[in-house]
*Asks:* 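Here it is, the structure, as structure tokens.
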Amino acid sequence: MNGGMKVIKRDGATEPLTLEKIHRMCEFSCEELAGVSASQIEMNANLQFFDGIKSSEIQEILIR
């Protein structure tokens, strides 16, 4: 549960933080990469969510 936290999308709109959506995005990004685990990326990212986090910040952290 995310306690009602909101994510700010690139277009400025807000939406509830959905961990499942982040998981799906990681799975999709790793689909055709041999030896890359979406679960490992998520765990190693050490994401620290807060109300008002930008979707671009989440993506940048996962990429690093």
Side-chain angles (χ1 to χ4, degrees):
M1 189 156 252
N2 66 34
M5 285 191 261
K6 300 283 184 190
V7 172
I8 301 172
K9 298 173 62 167
R10 291 182 189 274
D11 66 1
T14 61
E15 66 178 38
L17 174 65
T18 307
L19 298 179
E20 179 59 30
K21 188 172 181 179
I22 294 168
H23 179 70
R24 283 193 318 264
M25 188 253 321
C26 282
E27 288 285 330
F28 176 76
S29 298
C30 295
E31 238 172 39
E32 297 188 24
L33 300 175
V36 177
S37 166
S39 297
Q40 280 299 113
I41 290 172
E42 291 174 49
M43 288 189 301
N44 292 337
N46 293 320
L47 277 167
Q48 295 180 8
F49 298 109
F50 55 89
D51 192 35
I53 191 169
K54 294 179 180 180
S55 60
S56 59
E57 291 175 305
I58 295 170
Q59 291 169 345
E60 286 177 31
I61 291 167
L62 290 169
I63 289 168
R64 282 190 237 138

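This structure is a prediction, so every number in the text was calculated from the model and none was measured.
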*Asks:* Could you walk me through whether D51 and L17 satisfy the side chain to side chain contact (heavy atoms under 4.5 Å, CB included) test, starting with their C-alpha distance in whole Å, then the side-chain angles of each, then the deciding distance to 0.1 Å, before giving a yes or no?
*Replies:* CA-CA 8 Å; D51 192 35; L17 174 65; over 6 Å; no
*Asks:* Indicate the atoms forming the closest heavy-atom contact of C26 with L62, along with that distance.
*Replies:* SG-CD1, 3.7 Å
*Asks:* Considering residues, nucleotides and ligands other than F28, do more than 12 of their heavy atoms fall under 6.0 Å from its CZ?
*Replies:* no
*Asks:* Counting only heavy atoms not in E32 (residues, nucleotides, ligands), do more than 12 fall under 6.0 Å from its CD?
*Replies:* no
*Asks:* Find the distance between CD (E15) and NZ (K9) and round it off to the nearest 0.5 Å.
*Replies:* 4.5 Å
*Asks:* Could you give the distance from CD (Q48) to CD (E57), rounded to the nearest 0.5 Å?
*Replies:* 12.0 Å
*Asks:* Is it true that a side-chain atom of T18 and a backbone atom of K21 form a donor plus acceptor pair closer than 3.5 Å?
*Replies:* no
*Asks:* Of all the heavy-atom pairs spanning S55 and R10, show the shortest one and how long it is.
*Replies:* OG-N, 3.6 Å
*Asks:* If you take all heavy atoms of T14 and K6, which pair is closest and at what distance?
*Replies:* CB-CB, 4.4 Å
*Asks:* Report yes if some heavy atom in the side chain of P16 is under 4.5 Å from a heavy atom in the side chain of M5; otherwise report no.
*Replies:* no
*Asks:* Under 4.5 Å between side-chain heavy atoms, hopping through other hydrophobics if needed: is there a path connecting F50 to I58?
*Replies:* yes
*Asks:* Are L19 and I8 connected in the hydrophobic side-chain network, where two residues link if heavy atoms are under 4.5 Å apart?
*Replies:* no
*Asks:* Find the distance between SG (C30) and CE (M25) and round it off to the nearest 0.5 Å.
*Replies:* 9.0 Å
*Asks:* For residues A45 and I61, report the shortest heavy-atom separation together with the two atoms involved.
*Replies:* O-CG2, 3.6 Å
*Asks:* Go through it in stages, so that I can follow the logic: the residues are V7 and F49, the test is side chain to side chain contact (heavy atoms under 4.5 Å, CB included), and I'd like the CA-CA distance, side-chain angles, deciding distance and then a yes or no.
*Replies:* CA-CA 9 Å; V7 172; F49 298 109; over 6 Å; no
*Asks:* Roughly how far apart are N46 CG and R64 CZ, rounded to 0.5 Å?
*Replies:* 12.0 Å
